[in-house]
Amino acid sequence: PIMPLIVMSGLPSSGKTTRANELEDLFKRHCPDKEIHLVSDDYSIVSKNQLYSSSKEEKTGRASLKSKVERLLTKDVFVILDSLNYIKGFRYELYCISKHMKTTHCIVQCDTPPDTARSWNIARKVEEQYTTEVFDGLLMRFE
């Protein structure tokens with residue numbers, strides 16, 4: 001059977017990681033014989049605020065995510081991409097990868113109101129929060 005690429009998309013702090021983890025758990029329970037890969041931003045090199053406040057760092061981060069997806073995606077695995085994925089052109093590139101691999105894909109849009117996402121961001125531990133400047137910038141850039 002053909003398994004999809006699942007692309008999480010939404011505002012910062014909109015619940016994408018929570019939903020991605022829930023999907024991963026669901027697939028592990030219901031499809032124990034299938035490979036499941038959860039791909040997300042790597043904050044071990046730069047923080048999320050450094051990543052999203054520098055266009056160069058952000059471009060490098062997207063290229064890394066795309067490369068991981070390309071490497072992992074086959075017809076027989078679930079790949080869940082947990083990142084902002086807020087650029088329409090990047091989502092289209094992921095669509096093209098899934099078509100090239102002859103597999104399906106879907107986009108899970110976490111449609112959280114900006115004020116709710118902002119309050120969820122503030123409720124995080126300080127080291128896990130987006131700064132106000134980065135958060136506001138990402139809200140304005142979301143496509």
Side-chain angles (χ1 to χ4, degrees), residues 1-114 116-121 123-131 133-143:
I2 297 175
M3 302 299 169
L5 165 62
I6 301 167
V7 178
M8 306 302 293
S9 181
L11 299 176
S13 302
S14 62
K16 295 175 301 299
T17 298
T18 299
R19 293 293 169 251
N21 289 328
E22 290 171 351
L23 285 171
E24 181 184 32
D25 292 342
L26 178 80
F27 293 141
K28 284 181 178 177
R29 281 195 316 271
H30 293 283
C31 309
D33 56 331
K34 295 293 179 189
E35 273 187 71
I36 302 157
H37 299 279
L38 181 59
V39 176
S40 54
D41 290 307
D42 181 8
Y43 298 127
S44 65
I45 300 169
V46 295
S47 73
K48 66 172 74 176
N49 288 303
Q50 290 170 316
L51 178 67
Y52 290 111
S53 61
S54 161
S55 60
K56 180 183 175 193
E57 292 291 342
E58 193 174 342
K59 187 175 181 179
T60 301
R62 276 195 310 274
S64 174
L65 291 172
K66 181 179 167 187
S67 175
K68 288 176 189 174
V69 168
E70 282 180 301
R71 211 172 38 249
L72 295 170
L73 189 62
T74 70
K75 291 181 181 181
D76 301 316
V77 300
F78 285 105
V79 176
I80 304 168
L81 178 57
D82 176 29
S83 182
L84 291 174
N85 300 314
Y86 69 93
I87 298 174
K88 192 184 317 180
F90 183 61
R91 292 192 303 267
Y92 180 73
E93 288 177 36
L94 296 167
Y95 161 82
C96 291
I97 291 168
S98 71
K99 292 303 158 202
H100 176 74
M101 300 303 289
K102 296 183 172 78
T103 189
T104 57
H105 88 292
C106 69
I107 296 174
V108 176
Q109 178 67 37
C110 293
D111 192 20
T112 305
T116 302
R118 186 180 308 280
S119 69
W120 288 352
N121 181 56
R124 291 177 165 184
K125 295 177 189 173
V126 173
E127 61 273 8
E128 295 176 5
Q129 290 180 11
Y130 291 93
T131 64
E133 297 79 25
V134 170
F135 188 91
D136 291 343
L138 288 168
L139 284 181
M140 291 178 60
R141 296 194 310 252
F142 191 85
E143 300 175 349

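Note that the coordinates shown come from a computational prediction; the quantities given were computed from them, not determined experimentally.
Tested against L81 for a side chain to side chain contact (heavy atoms under 4.5 Å, CB included), the candidates L73, I6, V108, V69 yield a single pass: V69.
Expressed to the nearest 0.5 Å, how far OH of Y86 lies from CE of M140 amounts to 12.0 Å. Between R19 atom CZ and L26 atom CG the span is 12.0 Å, to the nearest 0.5 Å. Atom CZ in F142 sits 8.0 Å away from atom CG in L84 (nearest 0.5 Å). Of the inter-residue distances, the one linking K102 atom NZ with T74 atom OG1 reads 13.5 Å to the nearest 0.5 angstrom. Between the CD atom of E24 and the NE2 atom of H37 there is a distance of 10.0 Å, given to the nearest 0.5 Å. Annotation: the span from E93 atom CD to N85 atom CG amounts to 11.0 Å, rounded to 0.5 Å.
A donor-acceptor pair under 3.5 Å links the side-chain atoms of T60 to the main chain of K56, judged by distance alone. No donor-acceptor pair under 3.5 Å is formed between the side chain of K59 and the backbone N or O of S54. Judged by distance alone, with hydrogens and angles left aside, the side-chain atoms of N49 form a donor-acceptor pair with the main-chain N or O of Q129 at under 3.5 Å. A donor-acceptor pair under 3.5 Å is absent between the side-chain atoms of K48 and the main chain of Y130, judged by distance alone. Counting only distance, with no hydrogens or angles, the side chain of N21 and the backbone of T17 share a donor-acceptor pair below 3.5 Å. Under a 3.5 Å cut-off, the side chain of E35 and the backbone N or O of V77 do not form any donor-acceptor pair.
E70 and K66 are not joined by a salt bridge, as no carboxylate oxygen comes within less than 4.0 angstrom of a charged side-chain nitrogen. Salt bridge status for D136 with R118: present, with a side-chain N to carboxylate O gap under 4.0 Å.
L38 is listed as a side-chain neighbour of D82, based on a closest heavy-atom distance under 4.5 Å. Using a 4.5 Å heavy-atom cutoff, the side chains of M101 and L5 are not in contact. The closest side-chain heavy-atom distance from L138 to L11 is not below 4.5 Å. The shortest distance between side-chain heavy atoms of Y52 and D41 falls below 4.5 Å. Counting heavy atoms from C-beta on, the side chains of L23 and M8 come closer than 4.5 Å.
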Side chain to side chain contact (heavy atoms under 4.5 Å, CB included) between I107 and R91, worked out: CA-CA 8 Å; I107 296 174; R91 292 192 303 267; 3.9 Å; yes
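A pairwise comparison of heavy atoms in S40 and K68 identifies O-NZ, 4.1 Å as the closest pair. For the residue pair H30 and P32, the shortest heavy atom distance occurs at C-CD, 3.4 Å. Residues L51 and G61 approach most closely at CD1-CA, 4.2 Å, considering heavy atoms. Nearest heavy atoms, T112 versus S14: OG1-O, 2.7 Å. Summarising the geometry of P12 relative to F135, their closest heavy-atom pair is O-CE1, 3.4 Å, with the distance given to 0.1 Å.
Surrounding NZ of K88 are at most 12 heavy atoms belonging to other residues, nucleotides or ligands under 6.0 Å away.
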